[in-house]
Amino acid sequence: MVAKVPRNFRLLEELEKGEKGLGADGCSYGLQDGDDVMMSNWNATILGPPHSTHENRIYSLKIHCGDSYPDEPPVVHFISKINLPGVDPNNGKVDLLKLGRVSQWNRDNTMEKILVALREHMASPNNRKLHQPPEGTTF
Amino acid sequence: MSSSEQSAQRPSSPTEPSALITFSVKSSNDTKYTLELAPTTSVADLKTKLAELSNIAADRQRLIYSGRVMRDEETLATYKLQSGHTIHMVKGAASNTARGGASSSGPSTGGADARPTVPTNIAAGTGNNPLAGLTGARYAGHVQLPNADVFGPDGGMGPPPDAEALAQAMNNPQFQSTMNDLLSNPQIMDYLFASNPMLAQLGPEVRQIMQSDMFRQMMSNPQLIRSMSQMSSVGLGRGFGGMGGAPSFPEPGRTDTTPASDSQAGSTPAESTPNSAAAAGSTPPLNPFLPGAAGGNPFAALFGGQPPRAGAPGATPGQTPGQAPGQTPSGGFGLDPNTLNSILGGMGGGAGGQPSGATGGAGNLPIPPDHPFANPNNPLGALLGANGSLGAMGALRAAQAQAAASAPVDNRPPEERYADQLRQLNDMGFYDFDRNVAALRRSGGSVQGAINELLGG
């Protein structure tokens, strides 16, 4: 049994990765408020995957990591309007169950993995040609 | 936005000497710029600086830091940018709407794309390499990259990983599944075949073999790989690197030392006789294993079943021993264990076009009687032959590189699988996504082929 990484260590790890730009291409994330000691609220961006209607768009998201993260998945909302299955058209909330790779949540998953999964979801053949609301609109 | 506007907008000029922060800006084409600026610098100023460095106009730059798009009128301090951190720069394309619909193509986008970014990999000649897209940074977060040790200290260019490291890699389930995917992916096979003239000559059977379950199982069997690597180190100490890297190269100096076999194999390329191969195998005088190999003449049995095209023009003489087993996949069945051993030997050295290695392996195989290869009725022997000419370790290498990309090989959508190639095509002025993909599919991922397709069709 490996010792569980406490929530805050884990979030610090993710924060550093995000700030130093070590993460996956096309995704970026960081604390909404650098002074937030609980590191609960995060900003993220997803770069629209190429050869899709999302190409060259930058999607903003907000992520809330609750107290039981990473045992429980964070809550992810799109700020930029997007037309994508699994994203609530009213408030932009992402239904993680619709995201293959992270639908089975376990504590090895990270915010980055969610973002990457979202980006793949956007690029999937079913979704890449969906008509999108004008760029710059927000939920 | 012109730079004069920006300087007018600048909230506070960086004259007040506060501590500078050193940070990097990573551009979408993987270029990294390191900058040292005061925290009071405005984002607009940063963009102007980056425009000088990167040739991307300031108004087309999108800077992203910590999940936020940086706005021109803010300063670096607003975003709490700190030393050692990284800002992502993306080229916002004015051509967004023009290229948004995949089918809306045409010169209208030309203006916006007047300054295409050259794909960073274009110089590396990865255009027709379907693996190229897999090594992209965008997969960095998807999978655990294999330990750098696997590739050796020089990144895989030199001597091979030792048997232990390989076996370790092989024990990794991810590696195994990658291997599986690799061998079942027709595109990869195309690539392997295209990149190896020897293989290309062997005809469709080899392809079948390599796609067979048996071969795949073999390639993912740690013990087997271990014994293969032992063999190859026995055979003149030439590593996998040599085998994989220069499969169609005759051994250096080989022509000097083997005039006899050269004249034989070279002058009668069409008839591949047991003699020429045996000669090729036995000529290198420094081969310590020579007696064993020549004495048992294990090759004779093999070549009996060999189709005449074995020595087809173009094959260098040195390749013959390794090649031969591969060409007789059916001939491998029912051969006696000795012969199988020699096939295995061919696998050890033949891939490198190294006849001495081939024969060397033959006399020296540490294969236990219950080993699957020693079973005369086991088709694996034949498979191994094919393997030898493939440059088994070359394939393995490819797989290792692939391990980085892992499973998404098969099911990725074309726009991802061909991302690099599509970008190149786009930069060359082929904007029709569907046609590009179709052409790339037909050409097996080769940009060159796709262009021919697009221009010809």
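Residue numbering restarts at 1 for every chain, and letters A, B, ... go by the order of the sequence lines.
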Proximal component of A:Asp35, with respect to chain B [non-hydrogen, under 4.5 Å]: side chain
Within 6.0 angstrom of A:Glu16 CD, more than 12 heavy atoms from elsewhere: no
Pair B:His88 + B:Tyr65: ring centers closer than 6.0 Å: no
Contacts of residues 38-45 of chain A with chain B (heavy atom under 4.5 Å): A:Asn43, A:Ala44, A:Thr45
Flag if over 12 foreign heavy atoms under 6.0 Å of NZ, B:Lys26: yes
Atom group of A:Ile79 that falls short of 4.5 Å from chain B, counting heavy atoms: neither
Interface residue of largest heavy-atom contact number with chain B, from A:Gly48, A:Ala123, A:Pro49, A:Ser28, under 4.5 Å: A:Ser28
Interchain contact, A:Gln132 with chain B, by part (heavy-atom threshold 4.5 Å): neither
Short N-O contact, A:Lys129 and B:Asp434, less than 4.0 angstrom: yes
B:Tyr418-B:Gln424 side chain donor-acceptor pair, cut-off 3.5 Å: no
Basic-acidic side-chain contact under 4.0 Å: A:Lys17, A:Glu13: no
Neighbour count above 12 (heavy atom, 6.0 Å) for B:Glu36 CD: yes
Sequence neighbours excluded, every pair satisfying salt bridge (charged side-chain N to carboxylate O under 4.0 Å, His left out) that has a member inside residues 87-96 of chain A: A:Asp95-A:Lys98
